[in-house]
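Pasting in a structure now, in structure tokens, and then I'll have a few things to ask.
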2 protein chains.
Amino acid sequence: MTTRGRGLHGHVLETLGPAITAGDYPPGSVLRTDELAQRFEVSRSVMREAVRVLESMYLVESRRRVGVTVRPKSEWNVYDPQVIRWRLAGADRPHQLRSLTVLRSAIEPVAAGLAARHATAEQCAELTECALGMVATSRGHQLEGYLVHDVAFHRVILKASGNEMFARLGDVVAEVLSGRTHHDVMFEDPDPAAVTLHVQLAEAVREGDSRRAEELTREITAGALQELDVLAP
Amino acid sequence: MTTRGRGLHGHVLETLGPAITAGDYPPGSVLRTDELAQRFEVSRSVMREAVRVLESMYLVESRRRVGVTVRPKSEWNVYDPQVIRWRLAGADRPHQLRSLTVLRSAIEPVAAGLAARHATAEQCAELTECALGMVATSRGHQLEGYLVHDVAFHRVILKASGNEMFARLGDVVAEVLSGRTHHDVMFEDPDPAAVTLHVQLAEAVREGDSRRAEELTREITAGALQELDVLAP
DNA sequence: GGGAACAAAAAGTCAGACTTATATGTCACA
DNA sequence: TGTGACATATAAGTCTGACTTTTTGTTCCC
């Protein structure tokens, strides 16, 4: 939602980035800074700044006498929030969504286990509040409201784990959950079982039951994976 | 090892990046492009490119009339390989190492489980070869050789999982393992139990035993965590 | 055919002038 | 005293043109 068109170079990135991640320029393709600058009607300096950013994402490599070559997908920094957003907006969105959901299924249970040990009283309260919000919006096609509480819930868990690497995945989870609600088909209300699991998870964290928190989260993420299999087989 | 001093802006990043991640400039600190350009004896355009890269790592934010402000640590893109390297080279290295090891303990078991299902015959062979290499170098203070095989082993597992997000963590694991061997105290030969676990893991993957591969990896990463507790309590 | 010299091409660097957004201070007015 | 509009200074943002450096590919000679 954050319009990242900060400056001209940002605007260039907004069209060039998605184009590259979408595979419009196959690996090994060579771009030239001057040509790009002309195409986007910006000065060379602006174009150079954009290329530097793409380079720091490992999307391209700039070499003298050669030009700006597109790197193979396997080298891209797929953890860059910007890259994630670009790819989720593109064609291989389903594939990307699956990768991220599998990532969630690995991270979140461990994060929840840690959260049960380290969560502050305030975080426990937040968690319970989010769970209540999910219950309140779980029926009657209030998907948008449900999403807000769901995202907030998982953010708190990840943050409460006390691990900065986990905490930083809050945005990723938000993108995944938001994508599931918006782009993919989701006519019905959320699965009642999932809602219950969230309530129980808040409970487990509050009680400091690390083992149970981990197990409940495994069930939640397993459900998310299963749901993905049903929607996009 | 990769000297990333590619160009002048790369050289600037090599000193400015570590300085920021080390906390030399507390969050909210304001830098000015012109001043920095003078300090590093480069032109403004070069300095601007460096700032753009720092900005794409969420380390700083550039705003008109204000300057380049350092963002709070919680917003940094801690998955950026460059940022990881800078932080591992800095003062809060132990803390960083622990975060990454916890991350490993979440990711690798799941990755190993997937690898058992998706690994190709060639990958299985590589895995066995690495495990044999670890056995061969596990005694007689051949830590350097052991490290090479250890890193290769985990890289194959992560790649064989078939999940691009997992595969991309190969570099991170390499940094962690390498750091453990080089910087931290490590007089003795590696734990024989760990070596055995790796051999068994290669076996489990080869046999397609997903459950066992996952469990064995949990033991491996648990050992790594425990080791960290002993070395840096 | 192989190696050395050469030429061309594209990124890299620099300096200077100009534009634009915006934080902040000023002042009049309520 | 507080509040709004307005002016101003500041630092980033942009553009241009000239120059440098590295690297690739070709050519020419042995």
Side-chain angles (χ1 to χ4, degrees), chain A residues 2-17 19-20 24-72 75-76 82, chain B residues 2-17 19-20 24-72 75-76 82:
Chain A
T2 47
T3 320
R4 298 198 61 79
R6 309 250 305 194
L8 279 186
H9 86 108
H11 179 253
V12 170
L13 281 174
E14 260 180 10
T15 59
L16 195 52
I20 293 176
D24 291 0
Y25 305 95
S29 302
V30 176
L31 311 170
R32 271 160 312 169
T33 310
D34 290 19
E35 188 192 304
L36 290 173
Q38 278 194 358
R39 172 134 56 98
F40 289 100
E41 298 180 320
V42 295
S43 68
R44 287 204 319 285
S45 34
V46 166
M47 197 60 223
R48 285 181 55 76
E49 288 172 26
V51 168
R52 285 281 175 256
V53 174
L54 292 175
E55 209 176 13
S56 85
M57 294 168 173
Y58 296 82
L59 293 181
V60 302
E61 190 183 1
S62 178
R63 277 169 53 197
R64 274 184 150 121
R65 180 55 165 86
V66 170
V68 179
T69 63
V70 178
R71 302 179 91 140
E75 295 178 12
W76 297 351
Q82 191 99 254
Chain B
T2 48
T3 318
R4 299 199 61 80
R6 310 249 306 192
L8 279 186
H9 87 107
H11 179 253
V12 170
L13 282 174
E14 260 180 11
T15 59
L16 197 53
I20 294 176
D24 291 359
Y25 307 94
S29 302
V30 176
L31 310 171
R32 272 160 311 171
T33 311
D34 291 18
E35 188 192 304
L36 289 173
Q38 278 194 359
R39 172 134 57 98
F40 289 100
E41 298 180 320
V42 294
S43 66
R44 288 208 319 286
S45 30
V46 167
M47 197 61 224
R48 285 180 56 75
E49 288 171 26
V51 168
R52 286 281 177 255
V53 174
L54 293 174
E55 207 176 14
S56 85
M57 295 168 172
Y58 297 84
L59 260 45
V60 303
E61 190 182 1
S62 179
R63 277 170 54 197
R64 273 186 151 121
R65 179 56 164 83
V66 172
V68 179
T69 63
V70 178
R71 304 179 90 141
E75 294 178 11
W76 298 350
Q82 192 99 252

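Below, chains carry the letters A, B, ... as their sequence lines are ordered, and counting in each starts from 1. All of these numbers come straight from a predicted model, not from anything done at the bench.
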### Query
Between E55(A) and R52(B), is there a salt bridge with N-O shorter than 4.0 Å?
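E55(A) and R52(B): not salt-bridged.
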
### Task
For R48(A) and dT16(D), give me the distance from atom CZ to atom P, rounded to whole Å.
16 Å

### Message
Using 0.5 Å steps for rounding, measure from the CD atom of E75(A) to the OH atom of Y58(A).
### Response
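The OH atom of Y58(A) is 10.0 Å from CD of E75(A), to the nearest 0.5 Å.
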
### Query
Taking atom P of dG12(C) as reference, at what distance in whole Å does atom CG of L36(A) sit?
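For the pair L36(A) CG and dG12(C) P, the rounded distance is 13 Å.
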
### Message
Nearest 0.5 angstrom please: M57(A) CE to I20(A) CD1, how far?
### Response
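Between M57(A) CE and I20(A) CD1, I get 10.0 Å after rounding to 0.5 Å.
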
### Task
Return the value, rounded to whole Å, for the distance between atom CZ of R32(B) and atom P of dG13(D).
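Computing the R32(B):CZ to dG13(D):P distance gives 15 Å.
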
### Interatomic distance where CG belongs to L8(B) and C1' belongs to dT21(D) [whole Å]
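Rounded to whole Å, this separation is 11 Å.
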
### Query
Is any side-chain N or O of R52(A) closer than 4.0 Å to OP1 or OP2 of dG12(C)?
yes

### Task
List the atom of E35(A), the atom of R32(A), and the distance in Å for their closest heavy-atom pair.
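That would be OE1-NH2, 2.5 Å.
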
### Query
Taking the side chain as C-beta and beyond, is there a heavy-atom pair between R39(B) and L36(B) under 4.5 Å?
yes

### Query
OG/S43(B) to CD/E49(B) distance, rounded to the nearest 0.5 angstrom?
8.0 Å

### Task
Measure from CZ on R6(B) to P on dT23(D) and round the result to the nearest Å.
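Computing the R6(B):CZ to dT23(D):P distance gives 9 Å.
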
### Message
If you compare every side-chain N and O of T33(B) against the phosphate oxygens of dA11(D) (OP1, OP2), does one of them come in below 4.0 Å?
### Response
no

Which atom pairs link the protein and nucleotides 17-23 of chain C when you take only N or O atoms and keep those under 3.5 Å?
{"residue": "dA17(C)", "atom": "N6", "partner": "R44(B)", "partner atom": "NH2", "Å": "2.7"}
{"residue": "dT20(C)", "atom": "O2", "partner": "R64(B)", "partner atom": "NE", "Å": "3.3"}
{"residue": "dA21(C)", "atom": "O4'", "partner": "R64(B)", "partner atom": "NE", "Å": "3.4"}
{"residue": "dA23(C)", "atom": "OP1", "partner": "R63(B)", "partner atom": "NH2", "Å": "3.1"}
{"residue": "dA23(C)", "atom": "N3", "partner": "R65(B)", "partner atom": "NH2", "Å": "3.4"}

### Message
Tell me the interatomic distance from E41(A), atom CD, to dT16(D), atom P, rounded to whole angstroms.
### Response
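Answer to the nearest Å: 11 Å.
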
#### Entry: Matching residue for Y25(B) among V68(B), L59(B), V30(B), V70(B) - test: side-chain contact (heavy atoms from CB on, under 4.5 Å)
V70(B)

### Query
Nearest-Å distance, CG (D34(A)) to P (dG12(C))?
11 Å

### Query
Using a cut-off of 4.0 Å on non-hydrogen atoms, how would the nucleic acid contact of S45(B) be classed: base, sugar-phosphate, or nothing?
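Base contact - S45(B) has a heavy atom under 4.0 Å of at least one base atom.
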
### Between C1' of dG12(C) and CD of E49(B), the distance in whole Å
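In whole Å, dG12(C) C1' lies 8 Å from E49(B) CD.
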
